[in-house]
Amino acid sequence: MIKLVDLSRTVLMGGVPLTVLHPLTLEIPKGQFVAVMGPSGSGKSTLLGLMAGLDRPSSGEVRINGAALTEMNEDQLARFRGANIGFVFQSYHLIPTLTAKENVQVPMEIMRLGAAPRRAGELLEQVGLSQRAAHYPAQLSGGEQQRVAIARAFACRPPVLLADEPTGNLDSQTGETIIALLRRMHREEGATMILVTHDPGIAKAAERIVNLLDGRIDGDRLVEHPQQKAAG
Ligand SMILES: Nc1ncnc2c1ncn2[C@@H]1O[C@H](COP(=O)(O)OP(=O)(O)OP(=O)(O)O)[C@@H](O)[C@H]1O
Ligand SMILES: [Mg+2]
């Protein structure tokens, strides 16, 4: 479970404090798929950065499965992230000098997990890129690079997956493929998933939609999925 308590972030802009995230409290149960929506500048990436422990809050705390990120030092945070959090960015962030398969292996090698090449192969198969394992990022399309990035994010079986506009650079059809893939991986790996998106159609795939406006929560609702319910 992810628990945010009175979490806020204030930055200095030319010496003047600017609150980009007002104190917010939010609980996300284990395994939930949450979409975060809101206009540009509303604080979505700030919120994700705080949840990932990539940025430090000005107040409050972030707890993931009981562990307080806000009490960890940089080394502890890096280790915690490696074992617990997968991150997918809008601009893929693959290492250009490594092949697709090597990119997927990197987090497993850092975490010293065994069988990295085998799991990387399986993950590339899951994202439909077995034939591209030996290709470098520059030889792949945007959608293919994002699929490699998703395989990499799931490599260490993180209990939490954070995705910041993973379809922002893709055409809508490729975007839909990516979201379908994220949903399937979410289902199969059982991760708690938080996805930032501007696209209401994509947000509807989530179980819950949290809206941000000017650094505050401006809506928080569950999404009904009638077909899934009917299917049991
Ligand atoms: N380190 C910083 N210094 C100054 N301003 C910052 C900093 N980080 C964030 N901001 C400001 O905080 C606000 C929220 O930024 P954030 O990146 O979280 O928005 P966002 O909702 O992700 O927007 P977008 O949809 O455009 O990605 C913006 O006005 C941004 O300029
Ligand atoms: Mg953003």
Side-chain angles (χ1 to χ4, degrees), residues 2-28 32-64 69-70 72-74 77-78 81 85-94 142-143 145-146 149-150 152-153 158 160-172 174-176 178-179 181-182 186 191-221 223:
I2 303 177
K3 206 169 171 181
L4 312 177
V5 183
D6 290 329
L7 189 71
S8 80
R9 182 158 157 91
T10 297
V11 296
L12 284 179
M13 281 292 279
V16 181
L18 171 74
T19 299
V20 295
L21 207 63
H22 295 271
L24 67 78
T25 294
L26 194 66
E27 275 189 26
I28 300 171
Q32 193 169 54
F33 172 11
V34 182
V36 176
M37 298 194 74
S40 181
S42 57
K44 306 181 296 296
S45 296
T46 303
L47 180 63
L48 236 60
L50 292 174
M51 280 189 193
L54 294 168
D55 292 313
R56 294 280 186 180
S58 307
S59 75
E61 62 176 38
V62 177
R63 285 185 174 270
I64 297 183
L69 270 63
T70 25
M72 296 179 189
N73 64 32
E74 291 306 318
L77 260 180
R81 260 199 307 271
I85 302 177
F87 213 110
V88 179
F89 303 88
Q90 180 173 350
S91 48
Y92 326 131
H93 286 219
L94 297 177
Q145 289 182 61
Q146 193 60 301
I150 289 169
R152 178 184 58 182
V160 175
L161 188 95
L162 305 175
D164 196 350
E165 299 196 49
T167 61
N169 282 332
L170 304 171
D171 64 73
S172 58
T174 310
E176 276 173 31
I178 293 293
I179 295 301
L181 174 65
L182 278 170
H186 164 251
T192 306
M193 189 158 95
I194 297 152
L195 167 81
V196 170
T197 181
H198 279 288
D199 186 333
I202 287 173
K204 268 194 250 146
E207 294 165 305
R208 177 180 179 185
I209 301 180
V210 172
N211 275 284
L212 290 185
L213 185 66
D214 294 335
R216 298 176 206 270
I217 292 180
D218 182 49
D220 182 356
R221 65 184 178 90
V223 183

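Both ligands and their constituent atoms are indexed starting at 1 by order of listing. For the numbers below, each heavy atom of this structure counts, side chains included, while hydrogens, waters and symmetry mates do not.
Residue M13 places no N or O, backbone or side chain, under 3.5 Å from any N or O of ligand 1.
The nearest protein atom to atom 14 (C) of ligand 1, hydrogens excluded, is given as G41 O, 3.3 Å; this is a heavy-atom distance. Among all protein heavy atoms, the one lying closest to atom 27 (O) of ligand 1 is E165 OE2, 3.6 Å. Of the protein's non-hydrogen atoms, the one nearest atom 25 (O) of ligand 1 is K44 NZ, 2.7 Å. Nearest non-hydrogen protein atom to atom 5 (N) of ligand 1 is V11 CG2, 3.6 Å.
Metal site remark for the Mg ion (ligand 2): S45 contributes an N, O or S atom at a distance under 2.8 Å.
Of the options T46, D55, D214, the smallest heavy-atom separation from atom 16 (P) of ligand 1 is shown by T46. Of the options L48, V20, D164, the smallest heavy-atom separation from atom 12 (O) of ligand 1 is shown by V20. The nearest non-hydrogen atom to atom 26 (O) of ligand 1, considering only G14, S40, S45, comes from S40.
For the residue pair T19/T10, the side-chain donor-acceptor check at 3.5 Å is satisfied.
To the nearest 0.5 angstrom, I150 atom CD1 is 13.5 Å from H186 atom NE2.
Shortest non-hydrogen contact noted between R56 and M72 is NH2-O, 2.9 Å. Closest non-hydrogen pair, P23 versus S8, comes out as N-CB, 3.6 Å. Across all non-hydrogen atoms, the minimal contact from L50 to L21 is CD1-CD2, 3.7 Å.
Side-chain atoms of S42 and D214, non-hydrogen and from C-beta on, never get closer than 4.5 Å to each other.
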